[in-house]
Chemist: 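I have a structure I would like to understand better, so I am pasting it below and will then ask my questions one at a time.
The first residue in the sequence is number 1, and the count goes up from there. Both counts, for ligands and for their atoms, begin at 1 and track the order of listing.
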Amino acid sequence: MPAAPAKGRGSFITFEGIDGSGKSTQARLLADALTAQGHDVVLTREPGGSPGAEEIRALVLQGNPDRWSPETEILLFTAARRDHLEKRVWPALDAGKVVISDRFADSTRLYQGVSRGDLRDLVDQLHALMIGTEPDLTFVIDMDPAEGLARAKGRRTAEERFEDFGETLQRRMREGFLQIAAAHPERCIVIDGNRPAESVAAEVLAQARSRLPEPALGPGAAR
Ligand code: ADP
Ligand code: TYD
């Protein structure tokens, strides 16, 4: 059974969306804005976010697209997430912090649950068994896949196992993210990513502030 923190302590915010939709940019801008407003913020990402999970990140994102079977890949992403939660996310939530993660379980539900076969049940079962935690708030950055891919390709790295899958996969992922958002309106907000980054950030911040508890007043907190 997952050892999740006591409910009600800290806030867990995730960013989801296709490659190049602006998740990393928006996660950073939100972290900066909330920090300036006095929140104690931890900015992190998946796959990765803890030393062990970063090692698994290299295994899953680099190399041949056929390197892992779909089932093995689900286990690797789940193992990385479990380590990230144990070492970084749960302790921060227990300490009352705001945790902002660039991707989380919705990415596994789609990339591993849909892209290489109908494995969503397996993903959901492993999530229930080993993860258990859901975000308090998920921003789904919606974006035209061609535009997202062009942006993502603009910053070529070795981490291209998934980006190599191309625009058809990105279209399916976009639809999938919108379906998850529609199924979970209690935590998901769809944000139009086809705008200048500052406009997107302003809407994200307004939504986050309306949902977050006020920060505890601390020295240096700009309010
Ligand atoms: P993701 O994390 O979703 O892959 P990034 O935040 O890394 O997306 O953004 C991908 C690329 O697009 C980066 O080069 C970034 O500077 C650029 N970018 C991010 N947001 C915008 C935006 N709103 N308009 C134009 N370019 C953007
Ligand atoms: P990321 O570094 O967020 O890529 P990007 O900035 O291009 O959006 O994530 C790397 C890749 O990992 C991305 O193509 C999606 C994939 N991924 C999964 O397949 N499953 C997962 O559970 C996660 C978290 C990411």
Chemist: Between T44 and S101, is there a side-chain donor-acceptor contact under 3.5 Å, judged purely by atom types and distance?
Modeler: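 Absent: no donor and acceptor within the cut-off.
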Chemist: Compare R103, Q170, M173 and give the one whose heavy atom is closest to atom 1 (P) of ligand 2.
Modeler: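 Looking at heavy atoms only, the winner is R103.
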Chemist: Taking only heavy atoms of L61 into account, list the atoms of ligand 2 that are under 4.0 Å away from them.
Modeler: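 Per the distance check, 10 (C), 11 (C), 12 (O).
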Chemist: Record the part of R57 in heavy-atom contact with ligand 2 below 4.0 Å; permitted values are side chain, backbone, both and neither.
Modeler: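 The side chain, only.
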Chemist: Using heavy atoms and a threshold below 4.0 Å, how should the contact between R45 and ligand 2 be classified: side chain, backbone, both, or neither?
Modeler: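 Looking at R45 and ligand 2, no heavy atom falls under 4.0 Å.
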Chemist: Looking only at heavy atoms, is any part of Q26 under 4.0 Å from ligand 1, and if so is it the side chain, the backbone, or both, or is it neither?
Modeler: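 It is neither part, as no heavy atom is under 4.0 Å.
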Chemist: Identify, by atom number and element, the atoms of ligand 2 in contact range of K23, meaning under 4.0 Å from any of its heavy atoms.
Modeler: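 That gives atoms 8 (O) of ligand 2.
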Chemist: Between V60 and ligand 2, which part of the residue brings a heavy atom under 4.0 Å of the ligand: side chain, backbone, both or neither?
Modeler: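 Neither; no heavy atom under 4.0 Å.
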Chemist: Any nitrogen or oxygen of D102, side chain or backbone, less than 3.5 Å from one on ligand 1?
Modeler: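 No, D102 has no N/O under 3.5 Å of an N/O on ligand 1.
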Chemist: Pairing donors with acceptors under 3.5 angstrom, does anything connect the side chains of S50 and R88?
Modeler: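 Looking only at side-chain atoms, R88 and S50 do not form any donor-acceptor pair under 3.5 Å.
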Chemist: Can you confirm whether the side chains of Q37 and R209 place a donor and an acceptor under 3.5 Å from each other?
Modeler: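 The criterion, which ignores hydrogens and geometry beyond distance, is satisfied for R209 and Q37.
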Chemist: Would G20 count as being in polar contact with ligand 1, using the rule that some N or O on each side must be under 3.5 angstrom apart?
Modeler: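 Among all N and O atoms of G20, at least one is under 3.5 Å from an N or O of ligand 1.
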Chemist: Just distances here: any N/O of Y111 and N/O of ligand 2 closer than 3.5 Å?
Modeler: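 Min N/O separation from ligand 2 is not below 3.5 Å for Y111.
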Chemist: Can an N or O of Q112 be found at a distance shorter than 3.5 Å from an N or O of ligand 2?
Modeler: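 In this structure, Q112 places an N or O atom under 3.5 Å from an N or O of ligand 2.
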Chemist: Taking the cut-offs as 6.0 angstrom to the six-membered ring centre and 45 degrees off its axis, would you call R103 and F15 a cation-pi pair?
Modeler: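 Not flagged: R103 not positioned over aromatic ring of F15.
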Chemist: Under 4.0 Å from any heavy atom of R195, which atoms of ligand 1 are there?
Modeler: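 Here the atoms of ligand 1 in question are 22 (C), 23 (N), 24 (N).
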Chemist: List ligand 2 atoms under 4.0 Å from E46, heavy atoms only on the residue side.
Modeler: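 Reading through ligand 2 atom by atom, the close ones are 24 (C).
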Chemist: Report yes if some heavy atom in the side chain of V42 is under 4.5 Å from a heavy atom in the side chain of V98; otherwise report no.
Modeler: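 Contact flag for V42/V98 side chains = no.
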Chemist: Please test N194 against D142 for side chain to side chain contact (heavy atoms under 4.5 Å, CB included), starting from the C-alpha separation and ending with a verdict.
Modeler: CA-CA 8 Å; N194 282 297; D142 187 43; 5.9 Å; no
Chemist: Are side-chain heavy atoms of Q170 and M143 found at a separation under 4.5 Å?
Modeler: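 Result no, sub-4.5 Å side-chain heavy-atom pair not found.
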Chemist: Taking only heavy atoms of P47 into account, list the atoms of ligand 2 that are under 4.0 Å away from them.
Modeler: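 Close to P47: 23 (C), 24 (C), 25 (C).
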Chemist: Would you check, one step at a time, whether the test side chain to side chain donor-acceptor pair (under 3.5 Å) holds for T108 with R81?
Modeler: CA-CA 10 Å; T108 317; R81 179 158 306 128; 2.8 Å; yes
Chemist: Report yes if A197 has an N/O atom closer than 3.5 Å to an N/O atom of ligand 1; otherwise report no.
Modeler: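 Looking only at distances, the answer is yes, because the N/O contact criterion of under 3.5 Å is met.
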Chemist: Side chain or backbone, does D19 bring an N or O within less than 3.5 Å of an N or O on ligand 1?
Modeler: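 There is no such contact.
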Chemist: Does a side chain donor of either E46 or S107 reach within less than 3.5 Å of an acceptor in the other side chain?
Modeler: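 There is no such pair (donor and acceptor under 3.5 Å, judged by atom type) between the side chains of E46 and S107.
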Chemist: Could you tell me which atoms of ligand 1, counted from 1 in the order shown, lie closer than 4.0 angstrom to a heavy atom of P196?
Modeler: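 Those atoms are 23 (N).
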Chemist: Have R45 and S24 got a donor and an acceptor in their side chains that come within less than 3.5 Å?
Modeler: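 Checked: R45/S24 side chains show no N/O donor-acceptor pair below 3.5 Å.
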Chemist: Please check if the number of heavy atoms outside E71 that lie under 6.0 Å from its CD is greater than 12.
Modeler: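 Atom CD in E71 is crowded, with more than 12 foreign heavy atoms closer than 6.0 Å.
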Chemist: Answer with yes or no whether G17 contacts ligand 1, where contact means a heavy atom under 4.0 Å from a ligand atom.
Modeler: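 Not so, G17 does not reach ligand 1.
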Chemist: Among R45, R151, E147, which residue places a heavy atom closest to atom 17 (C) of ligand 1?
Modeler: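 Of the listed residues, R151 has the closest heavy atom.
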Chemist: If you measure only the distance, is there a donor-acceptor pair under 3.5 Å linking the side chains of Q179 and H184?
Modeler: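 Absent: no donor and acceptor within the cut-off.
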Chemist: Begin with the C-alpha distance, continue with both residues' side-chain angles, and end with the deciding distance and a verdict on side chain to side chain contact (heavy atoms under 4.5 Å, CB included) for L59 and W68.
Modeler: CA-CA 9 Å; L59 294 176; W68 307 110; 4.1 Å; yes
Chemist: I need the atoms of ligand 2 closer than 4.0 Å to a non-hydrogen atom of T108, numbered in the order shown.
Modeler: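 With T108 as reference, the close atoms of ligand 2 come out as 21 (C), 22 (O).
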Chemist: Find all atoms of ligand 2 within a distance of less than 4.0 Å from any non-hydrogen atom belonging to R81, and give their numbers and elements.
Modeler: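 What qualifies from ligand 2 is 22 (O), 24 (C).
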